[in-house]
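Taking it in order: structure first as structure tokens, then the write-up.
Atom set for the values below is all heavy atoms of this structure, side chains included, hydrogens, waters and symmetry mates excluded.
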Amino acid sequence: MFTDKRFHHYSLKSVPKDLLSGLIVGVIAIPLGMAFAIASGVKPEYGIYTTIVAGILISLFGGSKYQIGGPTGAFIPILFGIVMTYGYENLLIAGFMAGIILVLMGIFKLGSLIKFIPRPVTIGFTTGIAVTIFTGQIASFLGLEGIEKHEEFIKNIGELVVHLSTINIFSVLTAAICLLTIIYTPKIAPKIPGPLLGLLVSTFIAALLFPGEVATIGSAYGQIPNSLPSIQIPEINLDVIMKLIKPAFIIAMLGGIESLLSAVVADGMTNSKHHSNRELVGQGIANMITPLFGGIPATGAIARTATNIKNGAVSPLSGIFHGIVVLLVLVFFAPYASYIPLASMAPILMVVAWNMSERKVFAHIFKTKSTDSLVLVVTFLLTVFVNLTTAVEVGLVMSAILFVKRMSDVMVTAKALPNPQTNRAKVETGMVTDTHDCPQISIFNIEGPLFFGAALSFEETIMKTINYRPKILLLRMGKVPFMDTTGEANLSSIVRQFSKNGIVLLSGLNPQPESVLKKTGLYDVIGEDHFFEHTGEAIQYALGQLNQNKCLGCKHFAFRECQKLSATEVVERKKQKLTVTI
């Protein structure tokens with residue numbers, strides 16, 4: 001279906017580069033996979049299975065040369081909520097359904113639509129997710145006992161407060177060692193993965209100095225198997241589909257957004273270009289196959305993709321190698337993972353949350369004190385205190401409404417007249433006042449999109465501005481780039497009213513509005529001879545029409561062709577205190 005250009009100019013000399021980068025990223029992905037799984041409310045090995053299966057499939061079928069796929073922090077609140085509400089088995093089904101949705105999105109070329117999600121919404125929910133992840137690890141960091149996990153942020157904070165007295169000093173020490181190792185490793189030995197070294201050092205110290213004093217993966221979840229599980233086909237029926245369609249859709253949307261954001265980051269780092277629709281198909285295939293092995297939903301991982309690039313990756317083979325490395329580690333070293341303290345996993349996720357928080361971008365948008373900052377804050381607060389689904393829905397609706405409001409404010413409808421002091425009597429809005437107007441020809445400058453958000457004000461402005469019935473209404477529409485059917489309907493209303501006693505002329509009509517008028521038939525109602533490319537042509541036509549019907553004439557009228565007013569009419573004009581000059 002797609003032409004794969006990711007291996008163009010690839011040679012055997014490139015294999016060692018992909019192998020090295022795949023090895024490094026694979027080593028990094030192991031502790032992250034387990035940590036993401038635990039935080040999502042499932043066993044750590046499921047994160048490993050996801051890293052292996054999804055990592056290989058996303059690189060094999062995706063649309064980016066450098067994308068590294070697997071479980072990510074962004075999924076944690078969503079997956080935890082699904083596990084709490086529907087259970088682990090239904091999470092697998094929801095992930096499978098999400099894969100189907102992603103494949104369909106790619107086939108129908110909807111990849112570009114995801115890019116239209118406003119930045120304040122993505123930054124708002126990303127920062128909110130980061131806060132949720134960070135606070136969710138405090139209990140493990142402190143070694144608190146008796147903690148009951150909830151979906152609600154406030155209840156989880158309440159649990160921390162209630163059980164603060166159960167703090168375990170050995171857990172705090174273990175977590176602190178891991179955290180310090182993660183922070184300082186890049187400064188001392190940048191080639192060594194900080195999360196892995198922190199995990200190894202803190203595990204070794206805890207096992208050596210205070211064995212049995214801190215909870216471990218083994219004591220909490222049992223021993224991790226050293227092989228992939230056999231394929232299990234989930235039982236899906238209509239009732240299950242209806243129950244899980246919303247969670248599946250949420251997984252698909254978030255997975256699509258994250259994967260394409262990661263691919264865009266990779267493009268910026270390498271001056272390459274990914275295929276967004278193929279990327280969605282690859283993500284979909286991975287999420288359809290991974291649940292069959294017990295894995296959780298996966299997407300593109302921005303941090304691991306960046307690490308892949310920095311370590312010299314050349315092609316998607318690096319992502320495939322990364323999955324194979326994790327598989328080998330699972331086969332040969334799985335039993336040793338049982339000794340890893342849960343307190344060692346907490347700092348890894350805290351650092352992930354800190355790095356994904358987009359705190360600088362959040363602060364930058366917030367400082368603008370604009371409608372974007374309002375959307376940002378609302379999305380953030382709803383993500384933390386309600387849920388991600390509500391946050392995204394409200395954020396998108398707010399963004400759409402505020403955008404319509406801004407666009408309607410851009411729409412300007414103002415009365416205008418030729419300025420005799422300029423070359424060729426340029427038509428200007430500033431020439432019209434209460435005592436300075438033309439009684440026979442009304443000219444309006446219209447600027448901005450004529451759509452449902454501005455159409456009513458467009459019609460009302462014209463109707464309210466004209467206090468008498470002119471013979472000719474000229475609408476200058478050269479600065480109207482877009483018109484929808486609502487705008488067409490309001491224009492049609494104006495045309496119907498003015499056509500009873502006069503004529504309507506349009507000048508400078510752009511292709512899109514012209515197409516709308518022709519499709520609705522309003523173009524023919526107005527009449528083809530009433531459309532002009534330039535305003536000057538329209539004015540000349542108007543003057544010709546007035547001469548045929550005996551123009552009222554004005555003493556200081558700039559249109560020299562106009563006849564003089566009769567004495568009676570001049571007196572009447574003076575009574576109205578209207579100097580009809582332009």
With distance as the sole test, does [X] use its side chain to make a donor-acceptor pair with the main-chain N or O of [Y] at under 3.5 Å?
X    : Y    : result
S202 : G198 : yes
N226 : F332 : no
D267 : H274 : yes
S219 : T216 : yes
E151 : M84  : no
H322 : G319 : yes
T50  : I296 : yes
T299 : S259 : yes
N237 : D239 : yes
S370 : D372 : yes

Does a side-chain heavy-atom distance below 4.5 Å link [X] with [Y]?
X    : Y    : answer
L91  : Y86  : no
I28  : L196 : no
T379 : V392 : no
T270 : Y66  : yes
L79  : F36  : no
Q223 : P335 : yes
L228 : I52  : yes
I133 : M350 : no

Write down the atom of [X], the atom of [Y], and the distance for their closest heavy-atom approach.
X    : Y    : value
A252 : I101 : CB-CG2, 3.7 Å
A94  : P247 : CB-CB, 4.5 Å
V83  : G41  : CG1-O, 3.8 Å
G284 : L102 : CA-CB, 3.6 Å
I285 : L57  : O-CD1, 4.3 Å
L199 : P31  : CD2-CB, 3.6 Å

Interatomic distance, [X] atom [atom1] to [Y] atom [atom2] [nearest 0.5 angstrom]:
X    : Y    : atom1 : atom2 : answer
L209 : F204 : CG    : CZ    : 8.0 Å
S21  : I68  : OG    : CD1   : 7.0 Å
T203 : L208 : OG1   : CG    : 12.0 Å
I324 : L23  : CD1   : CG    : 11.5 Å
L20  : S318 : CG    : OG    : 10.5 Å
I236 : M97  : CD1   : CE    : 7.0 Å

Ignoring hydrogens and angles, state whether a donor on the side chain of [X] or [Y] is under 3.5 Å from an acceptor on the partner side chain.
X    : Y    : answer
Q67  : S262 : yes
T305 : N308 : no
E358 : T122 : no
N156 : H150 : no
T127 : S357 : no

inquiry  = A quick test of your reading: do over 12 heavy atoms of other residues, nucleotides or ligands sit less than 6.0 Å from NZ of K243?
reply    = yes
request  = Step through the shown structure and confirm whether more than 12 heavy atoms of other residues, nucleotides or ligands are within 6.0 Å of CZ on F134.
outcome  = no
request  = Begin with the C-alpha distance, continue with both residues' side-chain angles, and end with the deciding distance and a verdict on side chain to side chain contact (heavy atoms under 4.5 Å, CB included) for I93 and E235.
outcome  = CA-CA 8 Å; I93 297 175; E235 295 183 8; over 6 Å; no
Residues that F362 engages under ring pair (Phe, Tyr, Trp, His ring centres under 6.0 Å), provided they are two or more places apart = F380
task = Only counting residues at least two apart or in another chain, list the ones meeting ring pair (Phe, Tyr, Trp, His ring centres under 6.0 Å) with F385.
result = F153
ask   = For I48 and I224, what are the C-alpha separation, side-chain angles and deciding distance, and is it a side chain to side chain contact (heavy atoms under 4.5 Å, CB included)?
value = CA-CA 10 Å; I48 297 295; I224 294 179; 5.6 Å; no
request  = Go through Y221 and I38 one step at a time and tell me if the side chain to side chain contact (heavy atoms under 4.5 Å, CB included) criterion holds.
outcome  = CA-CA 9 Å; Y221 299 99; I38 292 173; 3.3 Å; yes
message = Checking Y46 against Y88 for the ring pair (Phe, Tyr, Trp, His ring centres under 6.0 Å) test, could you report, in this order, the C-alpha distance in whole Å, the side-chain angles of both residues, the deciding distance, and whether it holds?
response = CA-CA 11 Å; Y46 299 149; Y88 168 67; 4.5 Å; yes
request  = Applying salt bridge (Lys or Arg N to Asp or Glu O under 4.0 Å), name anything that partners E514, two or more places apart in sequence or on another chain.
outcome  = K518
inquiry  = Please determine whether side chain to side chain contact (heavy atoms under 4.5 Å, CB included) holds for the pair L396 and I117, giving the CA-CA distance in whole Å, both sets of side-chain angles, and the decisive distance to 0.1 Å.
reply    = CA-CA 7 Å; L396 289 176; I117 295 178; 4.0 Å; yes
query = When the ring centroid of F210 is compared with that of F170, is the distance short of 6.0 Å?
reply = yes
